[in-house]
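Order of the sequence lines sets the chain letters (A, B, ...), proteins ahead of strands, with each chain counted from 1. Here the structure is a predicted model, which is why all the values come from computation and not from measurement.
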Amino acid sequence: MPELPEVETIRRGLEKVLPGRKISKVDVRYSGSIKMPTVSKFTAKLPGRRVIKIGRRGKYLQIFLDNESVLVIHLRMTGKLIFSFTPLTIDKHTHVIFTFSDHSVLYFNDIRKFGTIYWLPIKRMYEIKGLACLGPEPFSPEFCPGYMAEKLAKKKTTIKAVLLNQEFVAGLGNIYVDEALFRAQIHPQRAAASLTQKEMAALYRAICEVLQEAINCRGTTMSDYRDATGAYGGFQQLLRVYRRSGKACLVCGYPIERIIVAGRGTHYCPNCQK
DNA sequence: AGCAGGACCTGATGGC
DNA sequence: TGCCATCAGGTCCTGC
């Protein structure tokens, strides 16, 4: 579920509380969540490590530890990281529990069990394929209309499929792709290579704007998403097309449609988006 | 090479 | 109420 704005919101929440804390106990209740190393090594060797800082790359969260190692966490669709100064009730969706030496706790919950956790030396982070293959961060100088022009010219698929591809740009997911395409007035099924310079400039601007506004709102909560303190996001109030099928376009009044593009539910205004 | 579609899981929702 | 089908914000693998 969480896309860049949600992961960034979680990162900021954890950055306020985790640095300096020392892990005293690790409890893995669903072993499928731990991709690296083995579960027994994970639980035996993590205690004693201290958190240095919290990073993010695309939708990957990075918890840097004091021995040049890092916990890399991907929340996929329904994963949550909840920090509490005191223990909380655990349920069947609580898969990993990190307890710190002052008895504060970090819970990894995930209804659909798609989320993944890796622990490895920083210098081996490239072994996580999805992380190694990530395209530029949307707010980095590398991501710009010129970069888009060069990449899009070679693509033979729809613009929506390209925006969802993390190798093109890191951090976009289904919600923000639909919202960015609406703001740029581009139809999601347009051939990526058919965009004009002007459209690419508008799309670049729309991507940065929608992500920044969503970060300012602390993310979008449709159903499952919560930040590190358990709080909802607020951007769902500002969505213009996502899950608004049948409702009037906020610009022209035409009904928003829902179709499938790149295998995903896609929302757009047939009148505004060409 | 690059893309579409299924697989991975569970829960919510809507139709009959 | 119960059963079934469909849908869900992401990535990885397979096969075309």
Quiz prompt | Counter-base of dC9(B), judged by Watson-Crick or G-U geometry with both distances under 3.5 Å | solution =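 Its partner is none (no Watson-Crick or G-U wobble pair with both distances under 3.5 Å).
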Spacing between [X] atom [atom1] and [N] atom [atom2], to the nearest angstrom:
X	N	atom1	atom2	result
Arg76(A)	dT11(C)	CZ	C1'	4 Å
Leu61(A)	dG10(C)	CG	C1'	16 Å
Lys35(A)	dT11(C)	NZ	C1'	11 Å
Lys113(A)	dG10(C)	NZ	P	21 Å
Tyr242(A)	dC7(C)	OH	P	13 Å
Leu172(A)	dG10(C)	CG	C1'	13 Å
Arg112(A)	dA7(B)	CZ	P	14 Å
Ile259(A)	dA4(B)	CD1	P	13 Å

Which whole number of Å gives the distance between the P atom of dC9(B) and that of dC3(C)?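 Per the computed distance, 25 Å lies between those P atoms.
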In whole Å, measure the gap between the P atoms of dT11(C) and dG11(B) for me.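 These two P atoms come out 22 Å apart once rounded.
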Measuring to OP1 and OP2 of [N], would you say a side-chain N or O of [X] lies under 4.0 angstrom away?
X	N	value
His74(A)	dT11(C)	yes
His93(A)	dG11(B)	yes
Thr157(A)	dG2(B)	no
Gln166(A)	dT11(C)	yes

Taking only the side-chain heavy atoms of [X] (C-beta and beyond), determine which of [options] contains the nearest atom.
X	options	answer
Ile111(A)	dT10(B), dG10(C), dC9(B)	dT10(B)
Tyr60(A)	dA4(B), dC12(C), dG10(C)	dC12(C)
Lys155(A)	dC9(B), dC3(B), dG10(C)	dC3(B)
Lys92(A)	dA4(B), dG10(C), dG11(B)	dG11(B)

In plain terms, say whether [X] and [Y] are close enough for a salt bridge, that is, a side-chain N and a carboxylate O under 4.0 Å apart.
X	Y	result
Glu179(A)	Arg183(A)	no
Glu137(A)	Arg57(A)	yes
Glu15(A)	Arg12(A)	no

- Message: Please classify the nucleic acid contact of Gly130(A) as base, sugar-phosphate, or nothing, using heavy-atom distances under 4.0 Å.
- Response: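 If one applies the 4.0 Å heavy-atom cut-off, Gly130(A) turns out to touch the sugar-phosphate alone, with no base involved.
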- Task: Could you check whether Lys156(A) gets within reach of a base, just the sugar-phosphate, or nothing at all, counting any heavy atom under 4.0 Å?
- Result: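 The residue Lys156(A) makes sugar-phosphate contact but no base contact.
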Phe42(A) to Met36(A) - nearest heavy-atom pair and separation
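Heavy atoms only, the tightest pair is CD1-O, 4.2 Å.
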Exercise. Does the side-chain ring of Phe114(A) sit on the six-membered ring of the dC8(B) base, less than 5.5 Å centre to centre and under 30° in tilt?
Worked result: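 Yes; centroid distance and tilt both under limits.
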Starting from Leu164(A), can I reach Val210(A) by hopping between I/L/V/M/F/W/Y residues whose side chains sit under 4.5 Å apart?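 Yes, same cluster.
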| message | Could you tell me if Tyr225(A) and Glu3(A) have a donor-acceptor pair between their side chains, going purely by distance under 3.5 Å? | response |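 Side-chain D/A pair, Glu3(A) to Tyr225(A): absent.
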